[in-house]
Amino acid sequence: MSIPSPRTPGALRQYMRGQEAPLPASHPLITQFPIFVKPDGGRWFISQVTGNLYLAKAEPEDTGDYYCFTTNHMDIHTKSVFSRANQLTVLSDANPKKSAPKIKVRFPSETYVLTGQTARLECFAYGTPVPKLRWRKVDGSLPTKATPSADTPTLTLMNLSFEDEGVYECEAQNSEGRDSYQGRIIVQARPEWMQVMSDSEVEISSELLWSCAANGKPKPSIHWLRNGLPLKTQDRIEVSSGQLKISHLTLEDSGMYQCVAENKHGTIYSNAELRVQVLAPDFHVSPVRRLIPAARGGRVAIECRPRGAPKPTLFWSRGTELLTNSSRVTVTPDGNLLITNISRVDEGKYTCFAENYLGKANSTGILSVRDATKITLAPSNADINQGENVTLQCHASHDPSMDLTFTWSLNGAPLDPEKVGGHYQRLRSKMTIGDLLIMNGQLRHAGIYTCTAQTVVDSTSASARLVVRGPPGPPGGVVIKDVNETVVELGWSQGYDNHSPIGKYTIMGKSLLMPGWKQMRTDPPTIEGNAESAYVVGLLPWMDYEFKVIASNVLGSGEPSMASPTVRTRQAAPSVAPSGLGGGGGDRNELIITWTPMAREYQNGDGFGYILAFRKQNAPVWLVERVAGEDSSRYVYNNQSLSLYCPFEVKIKAFNRMGEGPFSQTAVVHSAEEEPSVAPLRINATALTAFEILVSWDPVENRRTTGAVQGYEIRYWRQNVKEAAADRVRTAGLETTARVSGLRPVTQYYVKVLAYNSAGTGPPSPRTSVTTKKPPPNRPPGNVSWRTDGSWVTVIWDHVKALKNESAVLGYKILYKHEGQHALKVLEKSRRSISLPLPKDNSYVVLEICAWGDGGDGPPHETIVSRDSGTGMMVQNKAPRLRLCHTLPSAIAVLLPFIGLREL
């Protein structure tokens, strides 16, 4: 069904729907809170062409009053208007009938659009279920510029071009059938100039030809105007579409001309002014050159270009002699004078005379004959190796009254010897010498070098060939001639030898396993320079390769060839066995076997997998299992009769589509084991410092378990903390002592020790307890000072007094550091000074002094000591430092190599 709309051209139309429950008549619209109609799954459509509202499948809840809301956007304001109410009543149907689609909104069969504009095609269909719409271009693919999509009622094509022209189809489809409609978009264009005319100044009695051309669709028609009036073919005027020709121009032909191109979409103009000139001959603008130098034995052309309209008649004289054409003298049709094979007798005054019916004029120049420029020492052919230098000589003679310049070219292209950092340099010793130095010659510098010596009147040239010998060029056309499992036959064509015979070839290759190019093994091992094929051997089966060929001669190796096509070697059975065979652990009644997956280079083919053979130790029969997949690394054998920690002999091999490889060495793997059943005994925990304890225990005997003990786990927790929150430390092997650090000072800890294996942990040991010591004083020694005595320095500090909550000071540690060497000295409590050796040079030493006791080491005082006596200072050094005061046990003194220490 459709609801008609009031006609408002160019307006945006929307529909509103009032509430289903009617309101009092005194409030017809203000309190109805209208709702704009939305697409709702394709049931509704508002045509922006007709303004009608379409409903594909009406439902009872669609009952209500509908209003058309129309908006016009003006340049300076916007105006909107409501229509009167359109009442819609939808009766309920207990058994709604399904219906095939029927297109009700159709776009025109032909839509004309200009290039750059936007086309909108509307299409909407009735039907139950609601039809789905689809757009397509019948004679091509739907343009990507189509928006918003290809399945909405409106197809929008913006910025149209001629490629978008064609037949477009809208198809509606549901479960009951389909309907379609087609229409053509015809893209046209306004006229656009392809060629325009320009202002012209033309001599009287001559001919004018103007052309203009325009493009557009439909094709524009072209006509001409003069001073606003149409021009047609008559007498001297010939009008032919895009051309205007006027013969025997007169003064009356001067004026403004227009070329006009138009089609139904617009008109464009091209304007130009024609000025017909009438002048007596005049040489003021372009007189004959006053001084005309020419080389003896050469040729000269003397131009004569006076202004004049109509075009004047020209003739020449030498002195008082009128010149006519001869074997050496020619007056060209356009009035220029040519003299060849010049000699001294040709010197003199030459005058050009110009004449038309309006008057006469003349202009004179003097011909001066000079000595010809000659090459006296021409460059010679040269032959060099790549990287060498060579000088090409070029000397010339010339008329001394003129300047002489030299230029060089290579194969016709000019060279720039002045370029900084280039390979060319001009050698200037005299004006008549123009030698060229070629430095570090490369292959690209070979060719024909031409030296040109020139003056303002003539020039002369001489050439020589330079041959540059170098490493060969790249071979061409690398092809794969044959391939098997481990060998590829390559073929190639010989490249340019760069004037030195090719001595040998090298083959480079790469694969997925070789990211860079590497030299390959070949047959024959040395490939002679006249060869054009060879075998690459030692390849991996079922592997992709690329190859390059490099030619070499006595001067070196050349550039590599282009890479060959990628080739894959043929498949073969695996040739090596998998590695890393082991296993164990798992749940009860399980045997777990593990191995390292084989890398791609060892698989040799697709359909890859593994074959496992295993048996109880010394049993007569092997069990065999196949495991598919190259990434497989684990197999679990489950048998309810398996005993705990039962030893199995296991071996493995690989297979692929081509066959099976060799078995690995036999390994012994145990079935699942049981957790240790015995707890460690004789647990002892001793406080080492305020932050560290030492735990020891008696080992658990393996023979008393159904598995092998792998190590021990220490569980420790503070008093008043639940055991479930205990921290844990594991040993890496069967050690029977372990240090536990990171503890709190003066704190009681409970400790238990458990044996563990792959099945888990065993029963815990009896609990023991330990209390950490008081912390060391939290202050470094103070008032550090020193004094020098020859090659020794004496360092003194104040005693550190422990507080009640700190451990007593038992002594001091002094760390001596100089140029990467370290030494540690431990002193008794009574000692508060030490003598140290000074470096032989004027460098300094760094000291760290800290107090130590049962609770550990206190913070250090770091001091820089030099030969100048003074008072030490705390050093804020942010670089990593060796803190032996904190890292060594307080009871141990470590002396590293350096000249000795002495106590006071």
Taking the side chain as every heavy atom from C-beta outward, state whether [X] and [Y] have any pair of such atoms under 4.5 Å apart.
| X | Y | value |
| --- | --- | --- |
| His395 | Lys430 | no |
| Met431 | His398 | yes |
| Met520 | Leu539 | yes |
| Leu415 | Tyr449 | yes |
| Val278 | Tyr357 | yes |

Q. Can Glu207 and Lys245 be counted as an ion pair, charged N to O under 4.0 angstrom?
A. yes
Q) Could Arg318 and Asp346 be called an ion pair, given the rule that one side-chain N must be under 4.0 Å from one carboxylate O? A) no
If you count the non-hydrogen atoms of other residues, nucleotides and ligands that lie under 6.0 Å from [atom1] in [X], is the total more than 12?
| X | atom1 | value |
| --- | --- | --- |
| Arg465 | CZ | no |
| Glu559 | CD | no |
| Lys349 | NZ | no |
| Met158 | CE | no |
| Met562 | CE | no |
| Lys217 | NZ | yes |
| Asp403 | CG | no |
| Glu192 | CD | no |

What are the two closest non-hydrogen atoms of [X] and [Y], and how far apart are they?
| X | Y | value |
| --- | --- | --- |
| Ala214 | Ile268 | CB-CD1, 4.5 Å |
| Ile480 | Ser564 | CD1-OG, 4.1 Å |
| Ala372 | Ala295 | CA-CB, 4.1 Å |
| Ile502 | Gly495 | CD1-O, 4.2 Å |
| Ile237 | Lys232 | CG2-O, 3.8 Å |
| Ala453 | Ile375 | CB-CD1, 4.0 Å |

Q. Is there a side-chain contact (heavy atoms from CB on, under 4.5 Å) between Phe353 and Ser317 once you walk through the steps?
A. CA-CA 8 Å; Phe353 295 90; Ser317 71; 3.3 Å; yes
Can a donor-acceptor pair be found, under 3.5 Å and without considering hydrogens, that links the side chain of [X] to the backbone of [Y]?
| X | Y | answer |
| --- | --- | --- |
| Thr566 | Glu546 | no |
| Thr522 | Pro524 | yes |
| Ser254 | Val276 | yes |
| Asn356 | Gly359 | yes |
| Lys137 | Glu165 | yes |
| Asn263 | Lys219 | no |
| Ser326 | Val329 | yes |
| Lys145 | Asn159 | yes |
| Asn227 | Met256 | yes |
| Asn553 | Gly529 | no |

Quiz question: by atom type and distance under 3.5 Å, do the side chains of [X] and [Y] form a donor-acceptor pair?
| X | Y | result |
| --- | --- | --- |
| Glu303 | Asn336 | no |
| Thr373 | Asp458 | yes |
| Gln277 | Glu201 | yes |
| His284 | Asp282 | yes |
| Thr452 | Gln454 | no |

To the nearest 0.5 Å, what is the distance between [atom1] on [X] and [atom2] on [Y]?
| X | Y | atom1 | atom2 | result |
| --- | --- | --- | --- | --- |
| Arg226 | Gln258 | CZ | CD | 13.0 Å |
| Met194 | Cys212 | CE | SG | 12.5 Å |
| Ser500 | Gln386 | OG | CD | 11.0 Å |
| Thr391 | Met439 | OG1 | CE | 10.0 Å |
| Ser206 | Leu249 | OG | CG | 5.0 Å |
| Trp224 | Met197 | CH2 | CE | 5.0 Å |

Q) Sequence neighbours excluded, which residues qualify as ring-ring contact (aromatic ring centres under 6.0 Å, His included) partners of His423? A) His445
Q: With sequence neighbours excluded, tell me which residues meet ring-ring contact (aromatic ring centres under 6.0 Å, His included) with Tyr257.
A: Trp210
**Q.** CA sep, side-chain torsions, deciding dist, call: Ile366, Ile292, side-chain contact (heavy atoms from CB on, under 4.5 Å)
**A.** CA-CA 6 Å; Ile366 299 174; Ile292 307 156; over 6 Å; no
Please list every donor-acceptor pair under 3.5 Å in which a side-chain atom of residues 304-316 meets a protein atom from a residue at least two apart or in another chain.
from, atom 1, to, atom 2, distance (Å)
Trp316, NE1, Gly335, O, 2.8

Q. Would you call the rings of Tyr496 and His499 parallel, tilted or perpendicular, where under 30° means parallel and over 60° means perpendicular?
A. perpendicular
Q | Step-by-step side-chain contact (heavy atoms from CB on, under 4.5 Å) determination, Ile550 to Met508 | A | CA-CA 8 Å; Ile550 299 175; Met508 309 295 290; 3.7 Å; yes
**Q.** Derivation and outcome, side-chain contact (heavy atoms from CB on, under 4.5 Å), residues Trp492 and Phe547
**A.** CA-CA 11 Å; Trp492 60 87; Phe547 301 100; over 6 Å; no
Q | Pairs involving residues 362-371, ordered by first then second residue, that meet side-chain hydrogen bond (donor to acceptor under 3.5 Å, both in side chains) (sequence neighbours left out) | A | Arg296-Asp371, Arg344-Asp371, Thr351-Thr364, Ser368-Arg370, Arg370-Ser401
(Q) As a test of understanding, state which of Ile342, Val369, Leu337 forms a side-chain contact (heavy atoms from CB on, under 4.5 Å) with Val300. (A) Ile342
Q: Applying side-chain contact (heavy atoms from CB on, under 4.5 Å), name anything that partners Ser221, two or more places apart in sequence or on another chain.
A: Glu262
**Q.** Under the side-chain contact (heavy atoms from CB on, under 4.5 Å) test, residues paired with Ala531 that sit two or more places apart
**A.** Ile527
